[in-house]
Amino acid sequence: MQFDILKHDAQTSARAGKISTAHGTFNTPIFMPVGTLGSVKGVHQSELVKDIDAPIILGNTYHLFLRPGIETLQKAGGLHKFIGWNRSILTDSGGYQVFSLSDKRKVKEEGVVFQSHIDGTRYTFTPENVMDVQRIIGADIMMAFDECTPYPCDIKYARNSMELTHRWLDRCVKRFKETEPLYGHEQSLFPIVQGSVYNDLRKISAEKIAAADCEGNAIGGLSVGEPAEMMYEMIETVNNILPVNKPRYLMGVGMPVNILEAIARGIDMFDCVIPTRNGRNGMLFTMDGIINIKNLKWKEDFSPIDEHGTTHVDLAYSKAYLRHLIISTEILGAQIATIHNLGFYLRLVRTAREHIMNDSFATWKNSMVKKLATRL
RNA sequence: GUGGUUGUAGUUCAGUUGGUUAGAACGUCUGAUUGUGGUUCAGAAGGUCGUGGGUUCGAACCCCAUCAUCCACC
(Lines give C-alpha, C1' and ligand atoms only; values in the text may rest on other atoms or scores of the structure.)
Protein backbone atom coordinates (compact mmCIF):
# COMPACT_ATOMS: atom_id res chain seq x y z
CA MET A 1 0.00 0.00 0.00
CA GLN A 2 1.13 3.49 -0.79
CA PHE A 3 0.02 6.78 0.81
CA ASP A 4 0.91 10.19 -0.55
CA ILE A 5 -0.13 13.53 0.86
CA LEU A 6 -0.67 16.05 -1.90
CA LYS A 7 -1.66 19.02 0.19
CA HIS A 8 -1.75 20.10 3.84
CA ASP A 9 -4.44 22.62 4.70
CA ALA A 10 -2.99 25.93 5.89
CA GLN A 11 -5.53 26.66 8.62
CA THR A 12 -6.50 23.21 9.91
CA SER A 13 -4.86 19.80 10.19
CA ALA A 14 -6.76 18.54 7.17
CA ARG A 15 -4.85 16.83 4.38
CA ALA A 16 -5.63 15.76 0.85
CA GLY A 17 -3.97 12.53 -0.13
CA LYS A 18 -3.99 9.41 -2.24
CA ILE A 19 -3.92 5.74 -1.29
CA SER A 20 -2.95 2.96 -3.64
CA THR A 21 -3.72 -0.68 -2.95
CA ALA A 22 -3.48 -3.71 -5.18
CA HIS A 23 -7.07 -2.92 -6.19
CA GLY A 24 -6.73 0.68 -7.22
CA THR A 25 -5.86 4.21 -6.24
CA PHE A 26 -8.23 6.54 -4.46
CA ASN A 27 -8.26 10.02 -3.00
CA THR A 28 -8.45 10.89 0.66
CA PRO A 29 -10.27 11.94 2.73
CA ILE A 30 -12.49 8.98 1.90
CA PHE A 31 -15.70 7.49 3.20
CA MET A 32 -15.94 3.70 2.97
CA PRO A 33 -19.46 2.21 2.71
CA VAL A 34 -20.08 -0.65 5.09
CA GLY A 35 -20.68 -4.00 3.41
CA THR A 36 -20.63 -6.29 6.40
CA LEU A 37 -21.56 -9.56 4.74
CA GLY A 38 -19.97 -8.89 1.39
CA SER A 39 -22.81 -6.64 0.33
CA VAL A 40 -23.59 -2.99 0.90
CA LYS A 41 -27.20 -3.62 1.85
CA GLY A 42 -29.51 -2.81 -1.01
CA VAL A 43 -26.86 -1.60 -3.44
CA HIS A 44 -25.43 -3.39 -6.46
CA GLN A 45 -21.68 -3.41 -6.91
CA SER A 46 -22.26 -1.74 -10.28
CA GLU A 47 -24.11 1.12 -8.55
CA LEU A 48 -21.28 1.49 -6.05
CA VAL A 49 -18.99 2.02 -9.02
CA LYS A 50 -21.09 4.05 -11.47
CA ASP A 51 -23.41 6.02 -9.23
CA ILE A 52 -21.68 6.38 -5.89
CA ASP A 53 -18.10 5.98 -7.07
CA ALA A 54 -16.95 4.24 -3.90
CA PRO A 55 -13.36 3.07 -4.38
CA ILE A 56 -13.28 0.97 -1.22
CA ILE A 57 -15.85 -0.83 0.92
CA LEU A 58 -15.80 -2.63 4.25
CA GLY A 59 -16.28 -6.27 5.01
CA ASN A 60 -16.57 -7.74 8.46
CA THR A 61 -14.47 -10.60 9.76
CA TYR A 62 -16.94 -11.65 12.44
CA HIS A 63 -19.93 -11.81 10.10
CA LEU A 64 -18.09 -13.39 7.16
CA PHE A 65 -16.50 -15.94 9.47
CA LEU A 66 -19.95 -17.07 10.61
CA ARG A 67 -21.45 -16.90 7.11
CA PRO A 68 -20.50 -18.02 4.52
CA GLY A 69 -17.47 -19.24 6.52
CA ILE A 70 -13.77 -19.30 5.73
CA GLU A 71 -13.86 -22.55 3.78
CA THR A 72 -16.26 -21.11 1.23
CA LEU A 73 -14.35 -17.85 1.04
CA GLN A 74 -11.11 -19.68 0.41
CA LYS A 75 -12.64 -21.87 -2.30
CA ALA A 76 -14.10 -18.73 -3.89
CA GLY A 77 -10.60 -17.29 -4.11
CA GLY A 78 -11.18 -14.56 -1.56
CA LEU A 79 -13.84 -11.93 -0.99
CA HIS A 80 -13.08 -9.81 -4.06
CA LYS A 81 -13.81 -12.70 -6.40
CA PHE A 82 -16.68 -14.02 -4.30
CA ILE A 83 -18.63 -10.76 -4.50
CA GLY A 84 -17.48 -9.52 -7.90
CA TRP A 85 -15.69 -6.43 -6.63
CA ASN A 86 -12.32 -5.51 -8.07
CA ARG A 87 -11.82 -2.30 -6.09
CA SER A 88 -10.38 -2.15 -2.57
CA ILE A 89 -11.73 -3.85 0.54
CA LEU A 90 -10.99 -3.20 4.21
CA THR A 91 -12.08 -5.72 6.81
CA ASP A 92 -12.91 -4.93 10.38
CA SER A 93 -11.47 -7.53 12.72
CA GLY A 94 -14.60 -8.36 14.65
CA GLY A 95 -13.53 -6.70 17.87
CA TYR A 96 -16.47 -4.35 17.70
CA GLN A 97 -18.98 -7.12 16.98
CA VAL A 98 -17.75 -9.15 19.89
CA PHE A 99 -18.40 -6.06 22.02
CA SER A 100 -21.75 -5.04 20.51
CA LEU A 101 -23.49 -8.26 19.49
CA SER A 102 -22.47 -10.88 21.97
CA ASP A 103 -23.80 -10.46 25.48
CA LYS A 104 -22.26 -13.72 26.59
CA ARG A 105 -18.70 -12.98 25.51
CA LYS A 106 -15.72 -13.67 27.70
CA VAL A 107 -12.61 -11.59 27.20
CA LYS A 108 -9.47 -13.48 28.21
CA GLU A 109 -5.75 -12.97 27.67
CA GLU A 110 -5.76 -15.57 24.92
CA GLY A 111 -8.68 -14.01 23.07
CA VAL A 112 -12.45 -13.75 23.19
CA VAL A 113 -14.88 -16.59 23.64
CA PHE A 114 -18.23 -15.66 22.14
CA GLN A 115 -21.42 -17.21 20.88
CA SER A 116 -22.68 -16.86 17.34
CA HIS A 117 -25.70 -14.58 17.11
CA ILE A 118 -27.02 -16.95 14.44
CA ASP A 119 -27.07 -20.31 16.18
CA GLY A 120 -25.33 -19.86 19.52
CA THR A 121 -22.27 -21.91 18.58
CA ARG A 122 -19.26 -21.08 20.75
CA TYR A 123 -16.10 -19.78 19.05
CA THR A 124 -12.85 -18.21 20.15
CA PHE A 125 -11.27 -15.27 18.36
CA THR A 126 -7.58 -14.75 19.00
CA PRO A 127 -5.25 -12.18 17.44
CA GLU A 128 -3.69 -15.04 15.48
CA ASN A 129 -6.82 -16.61 14.03
CA VAL A 130 -8.32 -13.21 13.24
CA MET A 131 -5.22 -12.49 11.13
CA ASP A 132 -5.61 -15.88 9.46
CA VAL A 133 -9.27 -15.24 8.66
CA GLN A 134 -8.46 -11.85 7.14
CA ARG A 135 -5.75 -13.50 5.03
CA ILE A 136 -8.43 -15.87 3.74
CA ILE A 137 -10.85 -13.01 3.10
CA GLY A 138 -8.04 -11.30 1.23
CA ALA A 139 -8.82 -7.72 2.29
CA ASP A 140 -6.46 -5.03 1.03
CA ILE A 141 -6.46 -3.55 4.51
CA MET A 142 -6.79 -5.80 7.56
CA MET A 143 -7.54 -4.50 11.04
CA ALA A 144 -5.83 -5.60 14.23
CA PHE A 145 -7.93 -7.47 16.77
CA ASP A 146 -8.85 -5.09 19.60
CA GLU A 147 -11.29 -4.70 22.42
CA CYS A 148 -13.62 -1.76 21.87
CA THR A 149 -14.46 -0.31 25.28
CA PRO A 150 -18.00 0.85 25.92
CA TYR A 151 -18.98 4.34 27.12
CA PRO A 152 -19.00 5.21 29.91
CA CYS A 153 -16.02 3.17 31.02
CA ASP A 154 -14.01 3.75 34.18
CA ILE A 155 -10.34 4.50 33.80
CA LYS A 156 -9.23 1.26 35.41
CA TYR A 157 -11.19 -0.86 32.96
CA ALA A 158 -10.11 1.38 30.08
CA ARG A 159 -6.44 1.01 31.05
CA ASN A 160 -6.58 -2.77 31.39
CA SER A 161 -8.50 -3.09 28.16
CA MET A 162 -6.07 -0.84 26.31
CA GLU A 163 -3.10 -2.80 27.58
CA LEU A 164 -4.74 -6.02 26.47
CA THR A 165 -5.35 -4.52 23.02
CA HIS A 166 -1.65 -3.59 22.93
CA ARG A 167 -0.53 -7.11 23.80
CA TRP A 168 -2.91 -8.44 21.18
CA LEU A 169 -1.40 -6.02 18.69
CA ASP A 170 2.07 -7.54 19.20
CA ARG A 171 0.57 -10.94 18.48
CA CYS A 172 -1.31 -9.61 15.42
CA VAL A 173 1.85 -8.08 13.98
CA LYS A 174 3.83 -11.24 14.63
CA ARG A 175 1.25 -13.43 12.91
CA PHE A 176 0.84 -10.94 10.08
CA LYS A 177 4.58 -11.03 9.40
CA GLU A 178 4.74 -14.81 9.62
CA THR A 179 2.03 -15.30 7.02
CA GLU A 180 1.66 -14.50 3.34
CA PRO A 181 -1.23 -13.25 1.23
CA LEU A 182 -3.11 -16.16 -0.35
CA TYR A 183 -4.20 -14.66 -3.64
CA GLY A 184 -1.12 -12.92 -4.96
CA HIS A 185 -1.99 -9.37 -3.93
CA GLU A 186 -0.51 -7.32 -1.12
CA GLN A 187 -2.33 -6.82 2.19
CA SER A 188 -1.74 -4.18 4.87
CA LEU A 189 -2.40 -4.23 8.61
CA PHE A 190 -3.73 -1.25 10.57
CA PRO A 191 -3.43 -1.20 14.38
CA ILE A 192 -6.09 0.52 16.50
CA VAL A 193 -5.68 3.17 19.20
CA GLN A 194 -7.86 2.67 22.27
CA GLY A 195 -8.00 4.41 25.67
CA SER A 196 -11.64 5.46 25.92
CA VAL A 197 -12.08 9.19 26.71
CA TYR A 198 -8.90 9.56 28.80
CA ASN A 199 -6.23 11.79 27.33
CA ASP A 200 -3.43 10.07 29.24
CA LEU A 201 -4.46 6.66 27.99
CA ARG A 202 -4.97 7.89 24.43
CA LYS A 203 -1.41 9.28 24.43
CA ILE A 204 0.05 6.00 25.66
CA SER A 205 -1.98 4.06 23.13
CA ALA A 206 -1.10 6.35 20.22
CA GLU A 207 2.59 5.97 21.04
CA LYS A 208 2.27 2.20 21.14
CA ILE A 209 0.37 2.14 17.85
CA ALA A 210 2.82 4.51 16.16
CA ALA A 211 5.72 2.36 17.31
CA ALA A 212 4.20 -0.68 15.64
CA ASP A 213 5.18 1.05 12.38
CA CYS A 214 2.34 -0.25 10.25
CA GLU A 215 1.27 1.27 6.93
CA GLY A 216 -1.72 3.08 8.39
CA ASN A 217 -3.30 3.65 11.79
CA ALA A 218 -6.81 3.60 13.17
CA ILE A 219 -8.60 5.23 16.06
CA GLY A 220 -11.21 3.05 17.71
CA GLY A 221 -13.43 3.19 20.76
CA LEU A 222 -15.03 6.51 19.79
CA SER A 223 -18.55 7.36 18.68
CA VAL A 224 -19.86 4.88 21.20
CA GLY A 225 -22.04 7.38 23.04
CA GLU A 226 -19.63 10.04 24.32
CA PRO A 227 -20.30 13.73 23.55
CA ALA A 228 -18.96 14.84 20.17
CA GLU A 229 -16.65 17.42 21.77
CA MET A 230 -15.01 14.66 23.76
CA MET A 231 -14.49 12.66 20.59
CA TYR A 232 -12.87 15.66 18.85
CA GLU A 233 -10.55 16.18 21.82
CA MET A 234 -9.44 12.54 21.68
CA ILE A 235 -8.80 12.81 17.94
CA GLU A 236 -6.57 15.84 18.51
CA THR A 237 -4.66 14.11 21.29
CA VAL A 238 -4.08 11.01 19.19
CA ASN A 239 -3.25 12.78 15.95
CA ASN A 240 -0.55 14.81 17.69
CA ILE A 241 1.27 11.52 18.12
CA LEU A 242 0.35 9.33 15.14
CA PRO A 243 2.76 9.80 12.23
CA VAL A 244 1.70 12.50 9.79
CA ASN A 245 2.76 10.58 6.71
CA LYS A 246 0.50 7.59 7.22
CA PRO A 247 -3.26 7.39 6.73
CA ARG A 248 -5.45 7.79 9.79
CA TYR A 249 -8.72 5.93 9.97
CA LEU A 250 -11.43 6.98 12.42
CA MET A 251 -13.56 3.90 12.92
CA GLY A 252 -17.33 4.08 12.93
CA VAL A 253 -17.76 7.81 12.33
CA GLY A 254 -20.22 9.28 11.69
CA MET A 255 -22.71 12.02 10.96
CA PRO A 256 -21.66 14.40 8.14
CA VAL A 257 -20.74 17.06 10.70
CA ASN A 258 -18.56 14.62 12.63
CA ILE A 259 -16.74 13.72 9.43
CA LEU A 260 -15.94 17.33 8.54
CA GLU A 261 -14.73 18.07 12.07
CA ALA A 262 -12.56 14.96 12.01
CA ILE A 263 -11.13 15.84 8.60
CA ALA A 264 -10.20 19.23 10.06
CA ARG A 265 -8.31 17.34 12.76
CA GLY A 266 -6.31 15.22 10.34
CA ILE A 267 -8.41 12.10 9.69
CA ASP A 268 -8.23 10.53 6.23
CA MET A 269 -10.58 7.53 6.32
CA PHE A 270 -14.07 6.91 7.66
CA ASP A 271 -16.70 4.23 7.76
CA CYS A 272 -20.12 4.30 9.31
CA VAL A 273 -23.47 2.55 9.12
CA ILE A 274 -25.42 5.79 9.34
CA PRO A 275 -25.90 6.49 5.61
CA THR A 276 -27.00 2.90 5.03
CA ARG A 277 -28.83 1.85 8.18
CA ASN A 278 -30.43 5.21 8.89
CA GLY A 279 -31.17 5.58 5.21
CA ARG A 280 -33.16 2.34 5.25
CA ASN A 281 -35.16 3.88 8.05
CA GLY A 282 -35.87 7.16 6.34
CA MET A 283 -33.04 9.52 7.28
CA LEU A 284 -31.72 11.34 4.21
CA PHE A 285 -28.71 13.64 4.07
CA THR A 286 -28.51 16.71 1.86
CA MET A 287 -26.22 19.73 1.65
CA ASP A 288 -29.06 21.76 3.23
CA GLY A 289 -29.61 19.42 6.17
CA ILE A 290 -31.22 16.21 7.31
CA ILE A 291 -34.59 14.95 6.11
CA ASN A 292 -36.75 12.46 7.94
CA ILE A 293 -38.60 11.30 4.88
CA LYS A 294 -41.22 9.54 7.02
CA ASN A 295 -42.51 12.86 8.31
CA LEU A 296 -46.01 13.78 7.22
CA LYS A 297 -44.75 17.02 5.66
CA TRP A 298 -43.28 15.08 2.71
CA LYS A 299 -46.46 13.12 1.95
CA GLU A 300 -47.32 15.25 -1.07
CA ASP A 301 -43.95 16.78 -1.87
CA PHE A 302 -43.39 15.68 -5.44
CA SER A 303 -40.06 17.47 -5.85
CA PRO A 304 -36.94 15.35 -6.54
CA ILE A 305 -35.25 13.60 -3.63
CA ASP A 306 -32.21 15.86 -4.02
CA GLU A 307 -32.07 18.29 -6.90
CA HIS A 308 -28.33 18.77 -6.36
CA GLY A 309 -27.62 15.05 -5.99
CA THR A 310 -25.28 13.12 -8.25
CA THR A 311 -26.84 9.66 -8.29
CA HIS A 312 -29.51 8.55 -10.71
CA VAL A 313 -32.14 8.21 -7.98
CA ASP A 314 -31.85 11.84 -6.87
CA LEU A 315 -33.76 13.28 -9.80
CA ALA A 316 -35.60 10.15 -10.90
CA TYR A 317 -37.89 9.88 -7.87
CA SER A 318 -39.86 12.27 -5.69
CA LYS A 319 -39.76 12.69 -1.94
CA ALA A 320 -43.42 11.68 -1.75
CA TYR A 321 -42.73 8.41 -3.58
CA LEU A 322 -39.71 7.61 -1.44
CA ARG A 323 -41.75 8.35 1.70
CA HIS A 324 -44.42 5.96 0.49
CA LEU A 325 -41.84 3.22 -0.19
CA ILE A 326 -40.07 3.63 3.17
CA ILE A 327 -43.30 3.72 5.16
CA SER A 328 -44.52 0.64 3.31
CA THR A 329 -41.15 -1.04 3.99
CA GLU A 330 -40.73 -1.70 0.29
CA ILE A 331 -37.25 -3.00 -0.55
CA LEU A 332 -36.94 -0.38 -3.28
CA GLY A 333 -37.28 2.37 -0.65
CA ALA A 334 -34.25 1.09 1.22
CA GLN A 335 -32.32 0.84 -2.05
CA ILE A 336 -33.14 4.38 -3.19
CA ALA A 337 -32.43 5.95 0.22
CA THR A 338 -29.14 4.08 0.54
CA ILE A 339 -27.92 5.02 -2.92
CA HIS A 340 -28.82 8.64 -2.27
CA ASN A 341 -27.09 8.74 1.13
CA LEU A 342 -23.91 7.01 0.00
CA GLY A 343 -23.79 9.27 -3.02
CA PHE A 344 -24.05 12.19 -0.65
CA TYR A 345 -21.32 10.94 1.70
CA LEU A 346 -18.87 10.31 -1.12
CA ARG A 347 -19.67 13.71 -2.60
CA LEU A 348 -19.15 15.31 0.81
CA VAL A 349 -15.61 13.96 1.18
CA ARG A 350 -14.79 14.73 -2.46
CA THR A 351 -15.93 18.31 -1.94
CA ALA A 352 -13.97 18.58 1.29
CA ARG A 353 -10.92 17.46 -0.61
CA GLU A 354 -11.42 20.04 -3.33
CA HIS A 355 -11.59 22.76 -0.69
CA ILE A 356 -8.41 21.48 0.95
CA MET A 357 -6.70 21.63 -2.43
CA ASN A 358 -8.01 25.18 -2.96
CA ASP A 359 -7.16 26.49 0.51
CA SER A 360 -10.82 27.14 1.24
CA PHE A 361 -11.50 24.23 3.55
CA ALA A 362 -11.79 26.05 6.90
CA THR A 363 -14.39 28.60 5.81
CA TRP A 364 -16.32 26.05 3.79
CA LYS A 365 -16.34 23.60 6.71
CA ASN A 366 -17.60 26.24 9.13
CA SER A 367 -20.45 27.20 6.84
CA MET A 368 -21.36 23.56 6.22
CA VAL A 369 -21.36 22.47 9.85
CA LYS A 370 -24.44 24.59 10.57
CA LYS A 371 -26.25 23.55 7.42
CA LEU A 372 -25.56 19.85 7.67
CA ALA A 373 -27.00 19.57 11.16
CA THR A 374 -30.22 21.39 10.23
CA ARG A 375 -33.39 19.33 10.41
CA LEU A 376 -35.51 20.01 7.36
C1' G B 1 -91.44 -12.24 10.16
C1' U B 2 -89.54 -15.43 14.62
C1' G B 3 -85.43 -16.84 17.76
C1' G B 4 -80.54 -15.92 18.80
C1' U B 5 -75.29 -13.49 18.22
C1' U B 6 -72.23 -9.31 18.35
C1' G B 7 -71.73 -3.75 18.75
C1' U B 8 -65.58 -0.58 23.29
C1' A B 9 -59.43 3.83 19.67
C1' G B 10 -58.33 3.95 12.43
C1' U B 11 -58.31 -1.94 12.74
C1' U B 12 -58.49 -6.63 15.70
C1' C B 13 -59.76 -7.32 20.55
C1' A B 14 -59.27 -7.22 26.50
C1' G B 15 -62.17 -5.14 30.36
C1' U B 16 -62.95 -9.00 37.42
C1' U B 17 -69.12 -10.06 41.63
C1' G B 18 -71.29 -2.62 38.94
C1' G B 19 -66.37 1.21 41.99
C1' U B 20 -60.89 6.61 40.87
C1' U B 21 -58.51 9.24 34.94
C1' A B 22 -61.70 2.52 30.08
C1' G B 23 -56.44 -0.90 28.41
C1' A B 24 -53.31 -3.94 24.72
C1' A B 25 -51.53 -5.12 19.92
C1' C B 26 -51.16 -3.35 15.12
C1' G B 27 -51.68 1.22 12.42
C1' U B 28 -50.82 6.76 12.61
C1' C B 29 -47.62 10.85 14.31
C1' U B 30 -42.79 12.54 16.59
C1' G B 31 -37.79 11.56 18.35
C1' A B 32 -33.33 8.35 18.89
C1' U B 33 -29.86 5.05 16.18
C1' U B 34 -22.11 6.12 14.74
C1' G B 35 -15.80 -0.35 13.22
C1' U B 36 -24.78 -3.02 10.45
C1' G B 37 -28.87 -8.77 13.22
C1' G B 38 -33.10 -5.62 6.41
C1' U B 39 -33.41 -3.17 12.75
C1' U B 40 -34.29 -1.89 17.59
C1' C B 41 -35.72 1.55 21.31
C1' A B 42 -38.44 5.85 23.44
C1' G B 43 -42.55 9.13 23.47
C1' A B 44 -47.33 11.19 21.69
C1' A B 45 -52.07 11.65 19.60
C1' G B 46 -56.52 8.99 19.13
C1' G B 47 -62.63 6.47 22.48
C1' U B 48 -70.06 10.94 23.88
C1' C B 49 -68.01 2.29 25.38
C1' G B 50 -73.94 1.84 18.57
C1' U B 51 -78.19 5.34 20.02
C1' G B 52 -82.16 6.91 23.55
C1' G B 53 -84.29 6.08 28.17
C1' G B 54 -84.30 3.60 33.11
C1' U B 55 -82.31 1.27 37.92
C1' U B 56 -78.24 2.82 41.33
C1' C B 57 -74.48 7.06 45.67
C1' G B 58 -71.96 5.15 41.21
C1' A B 59 -73.12 1.80 34.62
C1' A B 60 -68.71 -0.35 29.19
C1' C B 61 -71.03 -4.03 32.69
C1' C B 62 -77.96 -4.64 35.13
C1' C B 63 -83.23 -3.49 32.76
C1' C B 64 -86.36 -1.50 28.49
C1' A B 65 -86.66 0.43 23.65
C1' U B 66 -84.34 1.32 19.11
C1' C B 67 -80.61 0.97 15.11
C1' A B 68 -76.80 -1.90 12.88
C1' U B 69 -74.48 -6.78 12.24
C1' C B 70 -74.06 -11.89 11.58
C1' C B 71 -76.38 -16.89 12.15
C1' A B 72 -80.50 -20.27 12.19
C1' C B 73 -85.53 -21.17 11.08
C1' C B 74 -90.25 -19.87 8.58
Side-chain angles (χ1 to χ4, degrees), chain A residues 31-43 56-64 66-67 89-103 115-120 130 134 139 141-151 165 190-194 217-228 230-232 235 248-259 261-262 267 269-283 285 290-299 323 325-335 337-338 341-342 345 375:
Chain A
F31 179 82
M32 307 178 282
V34 175
T36 308
L37 280 157
S39 140
V40 175
K41 292 184 192 300
V43 185
I56 174 169
I57 61 174
L58 251 71
N60 187 278
T61 302
Y62 169 90
H63 289 284
L64 291 167
L66 293 179
R67 271 194 309 217
I89 294 176
L90 179 152
T91 40
D92 186 20
S93 64
Y96 185 80
Q97 279 59 44
V98 164
F99 139 82
S100 70
L101 292 179
S102 220
D103 33 323
Q115 283 183 276
S116 159
H117 69 274
I118 298 167
D119 62 7
V130 166
Q134 290 184 95
I141 299 172
M142 307 170 25
M143 298 306 299
F145 189 57
D146 66 336
E147 187 193 9
C148 180
T149 48
Y151 179 84
T165 289
F190 283 20
I192 304 171
V193 175
Q194 288 291 341
N217 299 299
I219 305 174
L222 293 176
S223 65
V224 288
E226 79 285 358
M230 212 172 253
M231 171 169 79
Y232 300 147
I235 295 170
R248 297 163 175 157
Y249 164 30
L250 179 59
M251 306 184 77
V253 174
M255 294 290 277
V257 170
N258 301 145
I259 288 177
E261 292 294 357
I267 300 291
M269 303 166 70
F270 300 89
D271 80 281
C272 189
V273 302
I274 281 178
T276 42
R277 181 202 283 157
N278 291 23
R280 289 197 299 278
N281 293 302
M283 184 181 279
F285 298 92
I290 297 167
I291 290 175
N292 182 349
I293 200 67
K294 289 196 281 192
N295 286 359
L296 192 58
K297 63 195 284 191
W298 310 112
K299 185 174 170 63
R323 176 178 192 272
L325 292 175
I326 295 275
I327 282 187
S328 310
T329 61
E330 278 292 325
I331 293 170
L332 184 59
Q335 294 176 312
T338 304
N341 277 350
L342 287 178
Y345 266 64
R375 302 284 166 154

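Letters go in sequence order (proteins before strands), and every chain restarts at 1.
- Evaluation of atom-type donor-acceptor distances gives no pair under 3.5 Å for the side chain of N60(A) against the base of G35(B).
- With both ends at atom C1', the span from G7(B) to U12(B) equals 14 Å, rounded to whole Å.
- When the P atom is used for both U8(B) and C62(B), the distance is 15 Å, rounded to whole Å.
- Dashed line: the shortest gap from a side-chain N or O of R280(A) to OP1 or OP2 of G37(B) is not under 4.0 Å.
- Distance noted for atom P between U55(B) and A59(B): 11 Å (whole Å).
- A donor-acceptor contact closer than 3.5 angstrom links the side chains of N258(A) and Y232(A).
- Residue I192(A) is in base contact, counting any heavy-atom pair closer than 4.0 Å across all strands shown.
- Counted by atom type alone, Q194(A) and T165(A) present zero donor-acceptor pairs between their side chains at under 3.5 Å.
- Nucleotide A59(B) forms a pair with no other nucleotide shown, judged by Watson-Crick or G-U wobble geometry with both contacts under 3.5 Å.
- Pairing partner, U66(B): G50(B), with both Watson-Crick or wobble hydrogen-bond distances short of 3.5 Å.
- Side-chain proximity of S223(A) to the nucleotides G37(B), U34(B), U30(B) is greatest for U34(B).
- M143(A) is listed as a side-chain neighbour of Y249(A), based on a closest heavy-atom distance under 4.5 Å.
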